[in-house]
Amino acid sequence: MKTKLLGLIIVVAVIAGAVGYKTYMDRSASTEMTGYVGGEKIGFLEDEDVQNTLQKKYHLTLDYSKAGSLDMVAADKDGKDYLWPSSQTALELYKSTVGKPVKSDVIFNTPIVIYTRKAVADALEKEGCVSSSGGVYSIDLKKLIQLVEDGTSWSSIGLTQLYGNITVSSTDPTKSNSGNMFAGLLANTLAGGVATESSIDQYLPEIKEIFEKSGYMESSSADIFSDFLKMGMGARPLVVGYENQLLEFTVENADIWKQVKDDVVMLYPIPTVWSSHVFIAMDDQASAAIDALMDKDIQKLAWEKHGFRTGVSGSSTDVSAFDGVGLAQTVNQVGQMPNYATMEKILHYLSK
């Protein structure tokens with residue numbers, strides 16, 4: 001009897017050891033990749049649900065360093081497997097300066113928006129610059145540009161508590177994607193359509209003036225959005241950002257959102273542009289990450305917890321998940337960004 005029991009114990013121990021060894025081998029077989037990402041995707045990459053899904057289904061870990069979308073293309077890429085900027089412009093810059101990547105694909109999208117406070121939105125609505133329908137706010141970018149160029153003061157539109165003239169804060173367009181895309185939006189608005197390489201020269205001084213009036217520019221979209229939330233209306237009355245930033249904030253900071261939801265307003269520029277978060281694989285190993293990130297469960301998490309609009313069939317785009325945010329069901333009034341040659345001209349002029 002003792003011999004049988006001992007034999008059973010040995011069998012169980014062997015099985016347990018085999019299972020443990022397999023688990024160890026599975027974990028050791030995990031592939032870790034490292035690269036540069038835009039700050040607006042850090043919440044997504046730090047999400048334990050995202051990390052666990054990538055690990056369990058694809059044995060994949062994504063490590064990262066934060067960098068602006070354009071900065072990362074010029075940065076030291078030694079030891080890096082991928083770049084994950086927030087625009088096709090960065091991809092075109094990569095192709096022109098580095099070469100064709102091993103693989104690239106758009107993982108998700110988010111439109112460019114302008115964040116403000118309720119008092120500012122109301123004042124601009126009286127000026128005919130902002131409109132609202134069903135709780136969703138839009139801003140006429142052409143009228144806003146005119147107010148900025150005319151040197152219109154905040155006090156002249158009834159906001160005596162604000163100092164100085166109307167300006168729009170954005171990230172540095174030569175370093176960060178949201179600022180870069182805002183530069184493209186300004187170019188299109190001034191040109192009355194998609195700006196071209198042959199037509200852009202006449203608008204370059206105006207574009208530069210608008211950015212110079214805004215003062216110091218951050219290099220990270222995440223940093224400027226954080227400043228907007230923390231520093232109050234007086235510091236940054238109008239801030240260019242991504243739609244997903246506010247959506248993610250409402251999920252990750254539900255208690256704080258309850259306190260500020262009646263004061264924070266998201267304005268959709270008419271027209272706006274899509275920020276396409278394109279994953280650039282610089283080696284064969286990183287190519288596998290594209291398939292993993294396009295997984296329907298990952299895409300579902302990207303929308304429901306981080307506000308990125310996705311294109312995979314079955315992914316949730318139920319806007320009721322973000323009740324009270326002023327979220328547009330669909331974003332229809334969208335223009336194309338100027339092509340790379342045109343944007344290169346704009347960025348060169350702005351960097352002088």
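All values below were derived from every heavy atom in this structure, side-chain atoms included, with hydrogens, water molecules and symmetry-related copies excluded. Note that the coordinates shown come from a computational prediction; the quantities given were computed from them, not determined experimentally.
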task = Only counting residues at least two apart or in another chain, list the ones meeting salt bridge (charged side-chain N to carboxylate O under 4.0 Å, His left out) with Asp201.
result =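 In terms of salt bridge (charged side-chain N to carboxylate O under 4.0 Å, His left out), with neighbours along the sequence ignored, Asp201 is linked to Lys345.
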
Taking all atoms of both residues into account, what is the closest heavy-atom pair of [X] and [Y], and its distance?
X: Thr116; Y: Phe228; value: O-CZ, 3.4 Å
X: Trp303; Y: Phe322; value: O-CZ, 3.2 Å
X: Leu327; Y: Val136; value: O-CG2, 3.7 Å

Can you list everything that forms a side chain to side chain contact (heavy atoms under 4.5 Å, CB included) with [X]? Sequence neighbours excluded, please.
X: Ser198; result: Thr196
X: Glu248; result: Glu252, His306
X: Pro173; result: Ala183, Phe211, Met217, Leu347, Leu350

key: Salt-bridge present (Asp122, Lys118; N to O < 4.0 Å)   =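 A salt bridge links Asp122 with Lys118.
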
key: Test item: Leu267 and Leu238 side chains (from C-beta on) under 4.5 Å apart, heavy atoms   =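 In short, these two side chains touch, coming nearer than 4.5 Å.
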
inquiry  = Taking the cut-offs as 6.0 angstrom to the six-membered ring centre and 45 degrees off its axis, would you call Arg236 and Phe225 a cation-pi pair?
reply    =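 Judged by the rule, Arg236 and Phe225 form no cation-pi pair.
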
query = What do you reckon, is NZ of Lys175 surrounded by more than 12 foreign heavy atoms closer than 6.0 Å?
reply =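 No - once you tally the heavy atoms of other residues, nucleotides and ligands closer than 6.0 Å, there are 12 at most.
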
query = Are the aromatic rings of Tyr94 and Trp84 close, with centres under 6.0 Å apart?
reply = no

Partner residues of Asn180 under the side-chain hydrogen bond (donor to acceptor under 3.5 Å, both in side chains) criterion, sequence neighbours left out =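 Not a single residue meets the side-chain hydrogen bond (donor to acceptor under 3.5 Å, both in side chains) criterion with Asn180.
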
note = Exactly one candidate in Glu32, Gln51, Gln55 meets side chain to side chain donor-acceptor pair (under 3.5 Å) with Thr61; the answer is Gln55

note = Members sharing Ile270's hydrophobic cluster, built from side-chain contacts under 4.5 Å between Ile, Leu, Val, Met, Phe, Trp and Tyr, are none

